[in-house]
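Below is one structure; the comments refer to it alone.
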2 protein chains.
Amino acid sequence: MPAAKYNSIKQFLFNEIASGRWPEHHRVPSENELANQFQVSRMTARRALQELADEGVLLRTKGLGSFVAPFKSQSSLVQVQNIEHEITQRGQRHHTELITLESRESDQEVSIALSLPIASPVFFAAIVHYQDDLPIQLEARYVNARLVPGFIEQDFSQITPHDYLSKILPLTEADHLVEAVLADRQTLHYLKLNPPQACLQLTCRSWTALGVVSYTRLTHPGQHFRLG
Amino acid sequence: MPAAKYNSIKQFLFNEIASGRWPEHHRVPSENELANQFQVSRMTARRALQELADEGVLLRTKGLGSFVAPFKSQSSLVQVQNIEHEITQRGQRHHTELITLESRESDQEVSIALSLPIASPVFFAAIVHYQDDLPIQLEARYVNARLVPGFIEQDFSQITPHDYLSKILPLTEADHLVEAVLADRQTLHYLKLNPPQACLQLTCRSWTALGVVSYTRLTHPGQHFRLG
DNA sequence: GAGTGGTCTAGACCACCCC
DNA sequence: GGGTGGTCTAGACCACTCG
């Protein structure tokens with residue numbers, strides 16, 4: 001089955017936004033312009049714009065046009081992804097320690113989570129977040145390299161991965177899984193804990209209209225971290 | 001401006017469902033049937049069905065038709081309080097073991113949680129919830145005795161505390177705290193675990209307009225319980 | 001007045017499902 | 001084969017915004 005025309009147009013529009021060529025509040029082509037450009041009827045061009053508006057990517061105003069919507073920040077659970085904000089808002093100091101940042105091929109778990117074929121190019125980042133001098137979060141993040149090719153060139157001592165992704169992409173949604181786990185050897189080491197140690201572990205996926213952007217495991221020491 | 005036709009059709013469909021005349025999985029009229037019935041084009045009838053499907057009210061299958069979607073249960077976190085519902089919905093058997101049900105005087109922690117003076121009359125219930133034969137939740141619940149005097153006379157092998165409270169009171173809200181803890185001796189015993197064991201612990205308070213009704217600690221074995 | 005998005009029409013072809 | 005939903009077309013009228 002061939003790709004639907006309205007979907008091609010959606011992807012074109014989304015790419016312009018995701019690549020940064022169209023910043024927030026940028027005016028996007030009108031229904032008629034897209035209809036001419038893609039040689040489709042106005043109803044088909046309209047559907048692409050309308051669905052992106054439904055997904056929160058565009059804002060449309062009668063008589064004015066369609067515009068790139070301001071990129072969303074977080075909802076309640078996503079605050080955990082934005083731990084820097086959490087910490088600084090409490091008046092404490094946040095800093096990070098970069099453990100690794102590298103290109104990998106997706107294994108089975110990551111492929112499933114990111115909806116990619118096995119051995120697809122992904123980036124992996126591991127970072128420890130500190131609240132004052134207390135290690136409070138171990139972040140292990142896989143990113144779809146095709147959707148965010150610039151990820152691996154970032155300086156994650158200056159910006160957190162979550163902030164970086166939020167700035168360049170309109171993240172439309174996220175799903176979360178919360179569980180309690182015993183810290184393994186690496187976690188004990190990076191979070192400077194002594195066994196046995198219960199940790200609160202969140203597994204999150206960030207979405208855009210084009211698919212899953214990142215798959216992240218956030219691990220927190222149980223005695224220093226609660227989710228309200 | 002007159003009401004949009006597609007909106008009138010949406011409201012008609014929604015009313016049939018909300019009134020109970022069309023139960024879950026009931027087949028709703030097809031696009032062509034609605035188009036005839038309301039004297040509109042198929043595209044307009046289609047829009048009504050499509051938007052209701054986007055909103056999760058209908059499920060549509062090519063070649064089959066459109067059907068009333070199963071009604072949503074409560075939000076994810078509240079499901080935890082209603083673990084019986086969770087378990088039975090997954091097609092597994094739920095039963096409970098009552099450990100204790102007694103009158104107490106509130107200590108400092110409970111007094112603060114229930115907004116009561118110290119040594120106020122409260123009821124305390126401890127219950128183990130089983131999923132099939134696996135202990136999956138240890139419930140420790142304090143209830144404001146003044147607000148729910150009948151609590152202590154209930155048979156909690158027949159009804160869960162949460163169901164009982166939901167039935168006699170309009171619970172307006174609940175707040176939750178999620179943390180990871182190492183199981184203590186009692187928890188290990190009642191949940192039949194071997195140390196060391198990480199547990200996901202939820203602390204919840206249920207409110208009505210009159211004040212805090214109950215203060216509950218729900219403890220789940222980490223390897224058998226996730227929060228989605 | 002020109003352009004925009006919002007609604008609507010009367011057709012069309014297709015893939016899918018069930019009989 | 002007949003009905004369903006999924007996609008698409010080439011028109012139309014409207015209310016709105018802006019210059």
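Naming convention: chains lettered A, B, ... in sequence-line order (proteins, then strands); numbering from 1 in each chain.
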Are any of the side-chain heavy atoms of [X] and [Y] separated by less than 4.5 Å?
X	Y	value
F151(B)	R141(B)	yes
H94(B)	T160(B)	yes
Y130(A)	I136(A)	no
L218(B)	C204(B)	yes

Measure the distance from [atom1] on [X] to [atom2] on [N] and round it to the nearest whole Å.
X	N	atom1	atom2	value
F67(B)	dG3(D)	CZ	C1'	12 Å
L49(A)	dT7(C)	CG	C1'	16 Å
L59(A)	dG5(C)	CG	P	13 Å
E31(B)	dC14(C)	CD	C1'	14 Å

Check whether any side-chain nitrogen or oxygen of [X] sits under 4.0 Å from OP1 or OP2 of [N], and answer yes or no.
X	N	answer
S66(A)	dG5(C)	yes
R60(B)	dG6(D)	yes
R46(A)	dG5(C)	no
Q50(A)	dG6(C)	yes

Any salt bridge linking [X] with [Y]? Criterion: basic side-chain nitrogen under 4.0 Å from a carboxylate oxygen.
X	Y	value
E51(B)	R46(B)	no
E33(B)	R42(B)	no
E31(B)	R47(B)	no

List every contact pair, protein side and nucleotides 8-10 of chain D side both N or O, where the distance is under 3.5 Å.
unit_1: dC8(D); atom_1: OP1; unit_2: K5(A); atom_2: N; d: 2.4
unit_1: dC8(D); atom_1: OP2; unit_2: K5(A); atom_2: N; d: 3.4
unit_1: dC8(D); atom_1: OP2; unit_2: Y6(A); atom_2: N; d: 3.3
unit_1: dT9(D); atom_1: OP1; unit_2: K5(A); atom_2: NZ; d: 3.0
unit_1: dT9(D); atom_1: OP2; unit_2: S41(A); atom_2: N; d: 2.8
unit_1: dT9(D); atom_1: OP2; unit_2: S41(A); atom_2: OG; d: 3.1
unit_1: dT9(D); atom_1: OP2; unit_2: T44(A); atom_2: OG1; d: 2.6

Next on the checklist: Check for me whether the distance between the ring centres of Y6(B) and F38(B) falls short of 6.0 Å.
Outcome noted: no

Next on the checklist: For Q201(A) versus V181(A), what's the shortest heavy-atom pair and its separation?
Outcome noted: OE1-CG2, 3.7 Å

Enumerate all atom pairs, one protein N or O and one N or O from nucleotides 1-3 of chain C, separated by less than 3.5 Å.
unit_1: dG3(C); atom_1: N2; unit_2: G63(A); atom_2: O; d: 3.2

